[in-house]
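To keep things clear, I will list the structure first and then write my remarks on it.
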Amino acid sequence: MGSLPKSVQELALQGEQVPENFLYKDGHGGSTDVPVMDIPVVDIGLLATSAQELQKLNSALTNFGCFQGINHGMSLEYLNQVREITKEFFHLPLEEKQKYLREENDIEGYGNDMVLSDQQKIDWSDRLYLVIYPEDQRKLKHWPENPKNFRSMTHEYSVKIQSISQVILKAMARSLNLEENCFVEQYGKRSKLYERFTLYPRCPRPDLIVGCKPHADGSAITLLLPDKSVEGLQILKDNQWFKAPIIPEALLVNVGDQAELNYGGGFSVLMQISSNGAFKSPLHKVLTNSERERISLAVFYVPEPDKEIGPFEGLIDESRPRLYRPVKNYVDIYFQYYQQGRRPMEASKIQD
């Protein structure tokens, strides 16, 4: 159990035979020959003042579970600097990266999939997980000192993302005719922000290996900064997979299982619970690429663990009964279900 003996990046560079626990024998790797999803683009800067933009946000989260957020206060030049420092970290010598290895059965630090069973299929990716907010929850032993400006830029990015997440959560509440602070207050003043830096190395068998299993995130919302030029993210809608288009200056924002939990690493289910199913958390996955590596940065907005998350009474009536039971410590449930290929929402949904 714990980390694999070698990083995925090492396996890719050394050209060794891929271990069996990466391989899906049924061609589960997926196909790149799928249509592009027309994900709505939302102007985050207008959400506080424009009823039209607020309605666009509501429609996007109701019908897609995600949106492309622009005008968020970060320039394309700045976002590219964040992307570049991510690449610089993953291109450091292995012995340097291993200074920040996560401990067994702990999510924080550098490593790859947590292996919970011998039957588990492993994702073709290496990751660096950090708690970036609240600041007193940071474990600086996992924060790389090389590249030299990694820590300062990650701190700066965390401040910006924290502010953006508050704007979005308040707008989501208003779009449902709820008091604007209801989500923020339900999740707690000391909600955590986790940042996941991910490298998807070139893969010898993209037909049999996935970068990230089909899943939805165990967060309230996830704010993703994707690779600026390499595709890979796919989203399930109406039982069909679609490519997520790349808008280099946009953040791809999706609701989580705290809306409704899906299977695993990025769109969240907690918001689906809070919204009593009004907002849907889309199932998504990441494909591998035989020619180009890919990076991404995802920030997960996670409620305080002792906070009970349940549907708001204002969203429950005779025409829309309560769909979910309240849950606590959803993230712990999430990771156990994710590695089993199951939906954590199963633990909360009220059966007919």
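One is the number of the first residue; the rest follow in order along the sequence. Small disclaimer: the values here were computed from a predicted structure and weren't measured.
Rounded to the nearest 0.5 angstrom, Cys212 SG and Asp113 CG are separated by 8.0 Å. Separation of atoms NE2 (His72) and CD1 (Ile164) is listed at 6.0 Å; rounding is to 0.5 Å. Annotation: the span from Met37 atom CE to Lys237 atom NZ amounts to 6.5 Å, rounded to 0.5 Å. Once rounded to the nearest 0.5 Å, the distance linking CG of Asp126 with CD1 of Ile295 reads 13.5 Å. Separation of atoms CG (Leu233) and CH2 (Trp241) is listed at 9.0 Å; rounding is to 0.5 Å. In this structure, the separation between CG on Leu199 and OH on Tyr110 is 8.0 Å, given to the nearest 0.5 Å.
Looking at every heavy atom in both residues, His142 comes nearest to Arg102 through CE1-CA, 4.2 Å. For Leu54 against Ala171, the heavy-atom pair with the smallest separation is CD1-O, 3.3 Å. In plain terms, the two heavy atoms of Cys66 and Asn254 that are nearest each other are CB-CB, 3.7 Å. Counting all heavy atoms, side chain and backbone alike, Gly188 lies closest to Ser191 at O-OG, 2.7 Å. What you find for Ile235 and Ala244 is that their closest heavy atoms are CD1-CB, 4.2 Å.
Every residue meeting the side chain to side chain donor-acceptor pair (under 3.5 Å) condition with Glu20, not counting sequence neighbours, appears here in chain and number order: Lys25. Residues passing the side chain to side chain donor-acceptor pair (under 3.5 Å) test with Gln52, sequence neighbours excluded: none. Glu249 meets the side chain to side chain donor-acceptor pair (under 3.5 Å) test with no other residue; sequence neighbours excluded. In this view, Glu103 and Lys141 satisfy the side chain to side chain donor-acceptor pair (under 3.5 Å) rule, not counting sequence neighbours. By the side chain to side chain contact (heavy atoms under 4.5 Å, CB included) test, Ser125 is found to be paired with Asp123, Arg127, Thr198, Tyr200, residues two or more places apart in sequence or in another chain being considered.
Using a 4.5 Å heavy-atom cutoff, the side chains of Met172 and Leu57 are in contact. Looking at Val210 and Lys285, their side chains never come closer than 4.5 Å, going by heavy atoms from C-beta outward. A heavy-atom distance below 4.5 Å is not found between the side chains of Ile221 and Phe183. For the pair Pro226/Arg294, a side-chain contact is recorded, criterion being any heavy-atom separation below 4.5 Å from C-beta on. Contact check for Leu79 versus Tyr157: side-chain heavy atoms found under the 4.5 Å cut-off. Residues Asp227 and Arg292 have side chains not in contact (no heavy-atom distance under 4.5 Å, counting atoms from C-beta outward). With contacts defined as side-chain heavy-atom distances shorter than 4.5 Å, the pair Tyr301/Gln166 qualifies. Side-chain contact between Glu293 and His91 is present, with at least one heavy-atom pair separated by less than 4.5 Å.
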Take Val253 and Val42, measure what side chain to side chain contact (heavy atoms under 4.5 Å, CB included) needs, and give me the verdict at the end.
CA-CA 10 Å; Val253 182; Val42 174; over 6 Å; no

Stepwise side chain to side chain contact (heavy atoms under 4.5 Å, CB included) test for Arg196 and Thr222:
CA-CA 11 Å; Arg196 187 188 69 203; Thr222 300; over 6 Å; no

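Looking only at distances, a side-chain donor or acceptor of Gln68 sits under 3.5 Å from a matching main-chain atom of Pro245. At least one donor-acceptor pair under 3.5 Å links the side chain of Lys121 to the backbone N or O of Leu23. In this structure, the side chain of Ser50 does not engage the main chain of Leu46 through any donor-acceptor pair within 3.5 Å. With Trp124 contributing its side chain and Leu287 its backbone, the two residues share no donor-acceptor pair below 3.5 Å. At distances below 3.5 Å, not a single donor-acceptor pair connects side-chain atoms of Ser163 with backbone N or O atoms of Val159. The backbone N or O of Pro201 lies less than 3.5 Å from no partner atom in the side chain of Gln9, so there is not a single donor-acceptor pair. Looking at Tyr129, its side chain never comes within 3.5 Å of a backbone N or O of Asp106 through a donor-acceptor pair. For Thr154 (side chain) and Arg151 (main-chain N/O), no donor-acceptor pair under 3.5 Å exists by modelled atom type. In this structure a side-chain-to-backbone donor-acceptor pair under 3.5 Å is present from Glu10 to Ser7. At distances below 3.5 Å, not a single donor-acceptor pair connects side-chain atoms of Lys97 with backbone N or O atoms of Phe89.
Atom CG of Asp38 has 12 or fewer heavy atoms from other residues, nucleotides or ligands within 6.0 Å. The local environment of CZ in Arg174 is crowded, with over 12 non-hydrogen atoms from other residues, nucleotides or ligands closer than 6.0 Å.
Side-chain contacts under 4.5 Å among hydrophobic residues (ILVMFWY), followed directly or transitively, place Ile247 together with Val41, Ile70.
Between Tyr100 and Phe150, the gap from one ring centroid to the other reaches at least 6.0 Å.
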